[in-house]
Amino acid sequence: MQAFETQLRDALSNATGVPAADLRIENPRDPALGDLAFPCFVLAKALKKAPPAIAAELAAKLNDELEGIEAIATGPYINFKVERGLLAKTIVGEIEAQGSQYGHGTDGAGKTIVIDLSSPNIAKPMSVGHLRSTVIGAAIQRIHDALGYRTVGINHIGDWGIQFGKLVTALDRWGSEVDLESDPIKALLALYVRYHEEEEGDPTLAEQSSKNFQELESGVDGHVRKTWKRLTELSLREFDKIYSRLGVTFDEVRGEAFYEPYLESTIERIQAAGVTQMSEGALIVDLTPIRKKMAPCLLRKTDGTTLYATRDLAAVFHRHELYDFDRCLYVVGGDQKFHFEQLKGVLKRMNVAWEPKVEHIAFGMMNLPEGKMSTREGRVVFLEDVLDRAAEEARKIIAEKNPELANADVIAEQVGVGAVVFNDLKREREKDIQFVWEEVLTFEGETGPYVQYTHARLGSILRKAAEAGEGTADPDWRALEDAAPLILRLGRFPAVLRSAAEHAEPSEITSWLSTCAREVNAWYTQHRVLGQEAGITAARLRLVAAAKSALAGGLALLGVAAPEEM
RNA sequence: GCGCCAGUAGCUCAGCUGGAUAGAGCACCGGACUUCUAAUCCGACGGUCGCAGGUUCGAAUCCUGCCUGGCGCGCCA
């Protein structure tokens, strides 16, 4: 598709004298009008003519020099229609040439993108809320990988902070009553909840916790640190189970604790920039020069310990020194917008040149129908349970619809997990979403399984063709005339991929996949592939293979499996 | 109170950053399995784009005000 657009821009540029870069080729609102469109409004001033007149004149001129593309003036627009055989041959050819790398490129060569994703908290369960950061972040990383960027996916584990002081206190008091080995996360969660219940009536708890955290932060390798280490190990082991089901890996897994040795130098660095001051016993950076009434950023509390912001500042400097990134993306919930404004605010006050490269890629909150999720109040949905139930549901449907299927359990897992992941990626990321079981367990319509099913059906056609030895003839590309909407959709994938990267928006990929799958389904139900005249079957098979490959490529970017059968 | 984000079909959402007659899925209704997997397809129904002004050849999209919902606002992360 890109090739056609370039050709049109050059031709328009030649005809008008306007630089090709200033000419925007669009998609017509109604596909019946044409495959590509050029609105003539932008030329009205330069040429001092009404857009419809320009369109008519230019269309006539272009028709003399364009081969295989027809220009049709429609009001103020010029619509372009590529000759169907040429269109099919070109797009299918591009997909065949690039295979599983279709649409990929080297746009990002030499550029580094750092992505902070997932970032669960030690001793807390991975909820469906963490799913968002993990799955969105991983998709953004794959999308950039496909465009040739060097990407660094960092899992920034929440393993530091006063709550570890609290947990150590809780373990010391009641640890003997819980079973940490069989289900550590749930046991720790129960302890955490109990701690908060009892803290009100027993002030010694808070005192002890504060002492514990001070000891932890002091670096003393004693009881507190040993307990903390054990907690992180137990938790990480649990998290890994889920990451492996989601097919997510990281280039760097570092806890906040990793930045412990960098905290002092970071604070010194900020002080050296002359932007710190003491306020009510705490060390702060005043941010009102950035925005009126903006709350200050606290670097050090009255008790001398550091905060989340301090550690994140240490981390961002460290990352910049290590990777010299072109973009540093934080895939973190929208409820932390203010935190990142503060982080960037401090960098701005320090006149750090690369501050604009740091971006908060916020996503909407996941809520339950009965209200906001709350770990403390036990109002959470565990990710593991969601994946399990989705896989079970998929297994049931397979038993019903395709009982002969080999590896049914493996495929049920792929379909179930695919449904959950796709569901999480299908809306614009900044929108809040409500977690509704029924919705997650739906496998029809705009869902992962729908796309997977379409892919499997295409695979089935190819297998049957191979058995029958069909498709060896020269393709008759004109036989794909009715497939034009599908072919055009396939042709637009490279542009969609680039747009998704620029906006850090995986939903552009899911949306393309849904539409493309719908077009595939609409096409093949009306056009039988096998057993036609040899040239026709050959052409249709080439399209089937290309569409299957493109769908698989899109799913791969999202981390969703594309089973051959289901 | 202040600051961000959102409001499009009964529900969940697209709408290509200002362009053509606002589109999908779900739900509901009517059709299609001796034919490459019916997790599918075809059709019908469904709209005061939150409200009111403004900017211009043109606004769901931009600016202002208001209404509604979500999130955040100094020693949690």
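Quick note on labels: first sequence line is chain A, next is B, and so on, each numbered from 1. Below, all heavy atoms of this structure are taken into account, side chains as well, without hydrogens, waters or symmetry copies. Just so you know, these numbers come straight off a predicted model, no measurement behind them.
- Against the 90° criterion about 0, the sugar-base torsion of B/C29 places it in the anti range.
- Among the atoms of the strands shown, only primed sugar atoms or phosphate atoms (P, OP1, OP2) are found under 4.0 Å from some heavy atom of A/Ile162.
- Taken residue by residue, residues 524-540 of chain A places heavy atoms nearer than 4.0 Å to RNA chain B at A/Tyr524, A/Thr525, A/His527, A/Arg528, A/Val529, A/Leu530.
- The A/Lys372 side chain lies nearest to B/C71 when the options are B/C71, B/U12, B/A24.
- Proximity of A/Lys292 to the phosphate of B/G3: no side-chain N or O atom is located under 4.0 Å from OP1 or OP2.
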Wobble G-U and Watson-Crick pairs count when both distances are under 3.5 Å; given that, what is the 5' to 3' dot-bracket string of RNA chain B, with | for pairing to other strands?
(((((((..((((.....[...))))..((((.......))))......(((((..]....))))))))))))....
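- Closest to the side chain of A/Asn27, out of B/G70, B/C16, B/C13, is B/C16.
- Here, B/G72 and B/G10 have their C1' atoms 33 Å apart, quoted to the whole Å.
- When heavy atoms are screened at a 4.0 angstrom cut-off, A/Glu280 is found touching base atoms of the nucleic acid.
- When the shell of 6.0 Å around CD of A/Glu400 is examined, it contains more than 12 heavy atoms from other residues, nucleotides or ligands.
- Residues that satisfy the ring pair (Phe, Tyr, Trp, His ring centres under 6.0 Å) test with A/Phe258, not counting sequence neighbours, are A/Tyr262, A/His318.
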For side chain to side chain contact (heavy atoms under 4.5 Å, CB included), just list the numbers for A/Phe213 and A/Asp303, CA-CA rounded to whole Å, side-chain angles, deciding distance to a tenth of an Å, and then say yes or no.
CA-CA 11 Å; A/Phe213 183 54; A/Asp303 71 0; over 6 Å; no
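- Judged by atom type and distance alone, A/Asn79 reaches the base of B/A20 through a side-chain donor-acceptor pair under 3.5 Å.
- Side-chain nitrogen and oxygen atoms of A/Arg24 include at least one within less than 4.0 Å of the OP1 or OP2 phosphate oxygen of B/U17.
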